[in-house]
> 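Provided herewith is a single structure, encoded as structure tokens, for subsequent inquiry.
FYI, side chains are in, hydrogens and waters are out, and symmetry mates aren't considered; it's all heavy atoms of this structure. Computed from a predicted structure; not experimentally measured. Counting begins at 1 with the first residue of the sequence.
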Amino acid sequence: MSSTVLIVGAGPTGLTLACSLARQGVGVRVIEKSPGFQTGSRGKGLNPRSLEVLADFGITERLLGAGREREVFRKYFDGEFITDTDPHEDIRRTPDVPYPRGLFLPQTRVEQALREVLAGYGVEVELGCELAGFDQDETRVTARLASGEEILADYLVGCDGGRSTVRKRLGIAFEGSGDRETAMVVGDVELEGLEPGYWHQWFSAKGALLLYPFESTTTWQFQANPERDADGRPVEPSPEGFQRIIEQHTGRTDVRVVGTSWISTWRVNVRLAERYRVGRVLLAGDAAHVHPIAGGLGMNTGIQDGWNLGWKLGYVLTGQAGPGLIDSYPEERRPVAARTLDITTAAMTTVAERSRTPGVGLEVVRSDDTTGLNVGYRWSSLATDGLDGVLQAGDRAPDAPLTDGEGRIVRLFELFAGSHFTLLAFGCPAPRLDGPVRGFAVDAGEDPLYDKDGHARRAYGIEGPALVLVRPDNHIALTAGSDGEEAVRGYLRRLRGL
């Protein structure tokens, strides 16, 4: 039987994982219990790190054309206009960070783009396929669908959300807390009477109303505290309720809801799976962690789970690494999720407190922590650091422009794109290595690339000759001096022996 991974759930997490595996030639099946693809906007922001991930698949530029990198926040207090602010106006692109601002667009557009990438590898999402159960032994997983079909796979990954069937079947505790009561009503609405060039944010003692306009559409995302009945209990959301909430917060009757295409509710849940792996079954995305929406890290954390796990499963199943490599997925990603729970919980508290001040809006949650650019794995067993510089093994590998012998610009991210390791040899020849690694000499050796403006050396904190090995997920695997060829070879041998 050829190597196969069964992915349960076709959201951004599962699709990112599927694209990574399919690109490596691994057989993939993606099943989704819903009869059709999701239409509600749900998550609406890709952070800079997720844009880097998706650029590796070649879709970021297309997504940039469908969304907005900058957004003016129009803020009101007690129904009165206070101010317009652009929290992104001072953020500039730099050689090491090509996507500094993130991107506003509906999650549905992200999923569509990833499905198109996946289709290019001959894989289609299988809709209306519900997982009923599964068993596993030392060599495979046998999954059973509600239809009665059995699927044999080398590994199964649950990307099936906060109510994950896979997690429940494994008996993994989902540790944390959650509110039973609705904290927010959300939806996609068609509006009349409101200027679409702004993210409108109303705050008051009565709560909050947020209306966000999606680029090149007439659709707005609606977010607000729920209406309450005479006993103080939340009222089920409805188009009529949305209209009443708008009038209550704005004091205006000219802003009209003329249609709704999606209505839902959101409750505060802060939970983390006790384990990410049981044998040949793993968890990723919301199946492994859920947290407050402040900071917009939900979809992004899931994408980056899939990105981390994808190359590792692929290397194991194509014989380029031993099965122990998979253990580095929970080793690296579970601590990141735990920190994300802390960041978003604190951000939720900050919004609740600071929004009592007129003119303060959602910009208070924005920080380096929400960009994803400072997420690294220095503690990982895969990190081997021999330079002890500012940038160390486990950190994100920055971008930078180099030039080839004909003067053409070659960006580091172009060299990294794909499922291989990349060895950068600064000021020394690039050693010839076997296996899934491509070597490039910078300012030395045969057919070198040139760091004429020093952007690459500054980004990596390198002054003299040095070797930097970059993982397929664009994190630094190893740093060493120019005499570190054997350290690089040893690292690659160790992967195969895990």
> Should the pair R252-E247 be classified as a salt bridge under the 4.0 Å nitrogen-to-oxygen rule?
no
> What heavy-atom pair brings L209 and A224 nearest, and what distance separates the two atoms?
CD1-CB, 3.9 Å
> For residues 122-132, which side-chain N or O atoms pair as donor and acceptor with protein atoms under 3.5 Å away, sequence neighbours left out?
{"from": "E126", "atom 1": "OE1", "to": "R29", "atom 2": "NH2", "distance (Å)": "2.7"}
{"from": "E126", "atom 1": "OE2", "to": "R29", "atom 2": "NE", "distance (Å)": "2.9"}

> Could you list the residues that satisfy salt bridge (charged side-chain N to carboxylate O under 4.0 Å, His left out) with R396, not counting sequence neighbours?
E52
> Taking the six-membered ring of F37 as reference, does the NZ or CZ atom of R115 fall below 6.0 Å from its centre and within a 45° cone about the axis?
yes
> Please determine which of V97, N300, N474 meets the side-chain contact (heavy atoms from CB on, under 4.5 Å) test together with R49.
N474
> Flag yes if more than 12 heavy atoms outside E149 fall under 6.0 Å of its CD atom; otherwise flag no.
yes
> Could you grab the distance from atom CD of Q248 to atom OG of S204, nearest 0.5 Å is fine?
7.0 Å
> Please determine whether a side-chain nitrogen of the Lys or Arg among D154 and R140 lies less than 4.0 Å from a carboxylate oxygen of the Asp or Glu.
no
> Could you tell me whether Y329 and Y276 have their ring centroids closer than 6.0 angstrom?
yes
> Measure the acute angle between the ring planes of F73 and H88, then classify it against the limits of 30° and 60° as parallel, tilted or perpendicular.
perpendicular
> Let me confirm one number: the CG-OG1 distance from D188 to T260, rounded to the nearest 0.5 Å.
9.0 Å
> Decide whether T219 and E190 meet the rule of one side-chain donor and one side-chain acceptor closer than 3.5 Å.
yes
> Could R74 and D84 be called an ion pair, given the rule that one side-chain N must be under 4.0 Å from one carboxylate O?
yes
> Are more than 12 heavy atoms, taken from residues, nucleotides or ligands other than R163, located less than 6.0 Å from that residue's CZ atom?
no
> Quick check: does any side chain N or O of T345 sit under 3.5 Å from a backbone N or O of D342, one acting as donor and the other as acceptor?
no
> If you draw a 6.0 Å radius around CZ in R109, do more than 12 non-hydrogen atoms from other residues or ligands fall strictly inside?
no
> Is the number of heavy atoms from other residues, nucleotides or ligands within 6.0 Å of CD (E181) greater than 12?
yes
> Between D305 and H289, is there a side-chain donor-acceptor contact under 3.5 Å, judged purely by atom types and distance?
yes
> Is any side-chain N of the basic residue among K44 and E71 closer than 4.0 Å to the acidic one's carboxylate O?
no
> If you measure from CG on D473 to CZ on F416, what distance do you get to the nearest 0.5 Å?
11.0 Å
> Rounded at 0.5 Å granularity, tell me how far CD in E111 sits from CG in L118.
12.5 Å
> Just wondering, more than 12 heavy atoms not from R271 lying within 6.0 Å of its CZ?
yes
> Checking side-chain polar atoms at under 3.5 Å, does Q304 have a donor or acceptor matched by the opposite partner on S50?
yes
> If only atom types and distance count, is the side chain of D395 paired as donor or acceptor with the main-chain N or O of Q392 below 3.5 Å?
yes
> Among all residues two or more places apart in sequence or in another chain, which pass the salt bridge (charged side-chain N to carboxylate O under 4.0 Å, His left out) test with R167?
none
> Using the side-chain contact (heavy atoms from CB on, under 4.5 Å) definition, which of the options L282, L309, L283, V157 pairs with R277?
L282
> Taking Q24 for the side chain and G310 for the main chain, is one N or O donor matched with an acceptor at less than 3.5 Å?
yes
> For R411, what residues pass the salt bridge (charged side-chain N to carboxylate O under 4.0 Å, His left out) criterion, not counting sequence neighbours?
D399
> Tell me which pairs pass salt bridge (charged side-chain N to carboxylate O under 4.0 Å, His left out) where either residue lies in residues 206-217, with sequence neighbours left out.
R68-E215
> Look at E332 together with K312 and state whether they make a salt bridge at an N to O cut-off of under 4.0 Å.
yes
> Return yes if some donor-acceptor pair links the side-chain N/O of R267 with the main-chain N/O of A183 below 3.5 Å, else return no.
no
> Can you classify the ring geometry of H200 versus W202 as parallel (below 30°), tilted (30 to 60°) or perpendicular (above 60°)?
parallel
> SG of C19 to CD1 of I59: how many Å apart, nearest 0.5 Å?
7.0 Å
> Go through the structure and list residues passing salt bridge (charged side-chain N to carboxylate O under 4.0 Å, His left out) with E240, not counting sequence neighbours.
none
> Could you tell me whether a side-chain N or O of S20 sits under 3.5 Å from a main-chain N or O of L17, the two making a donor and an acceptor?
no
> Less than 4.0 Å between a side-chain N and a carboxylate O, is that true for E116 and R62?
yes
> Taking the side chain from R92 and the backbone from E89, do they hold a donor-acceptor pair closer than 3.5 Å?
yes
> Are more than 12 heavy atoms, taken from residues, nucleotides or ligands other than R144, located less than 6.0 Å from that residue's CZ atom?
yes
> Could you tell me if the ring centre of F242 sits under 6.0 Å from that of W220?
no
> Between S381 and E331, do the side chains contain an N or O donor and an N or O acceptor separated by less than 3.5 Å?
yes
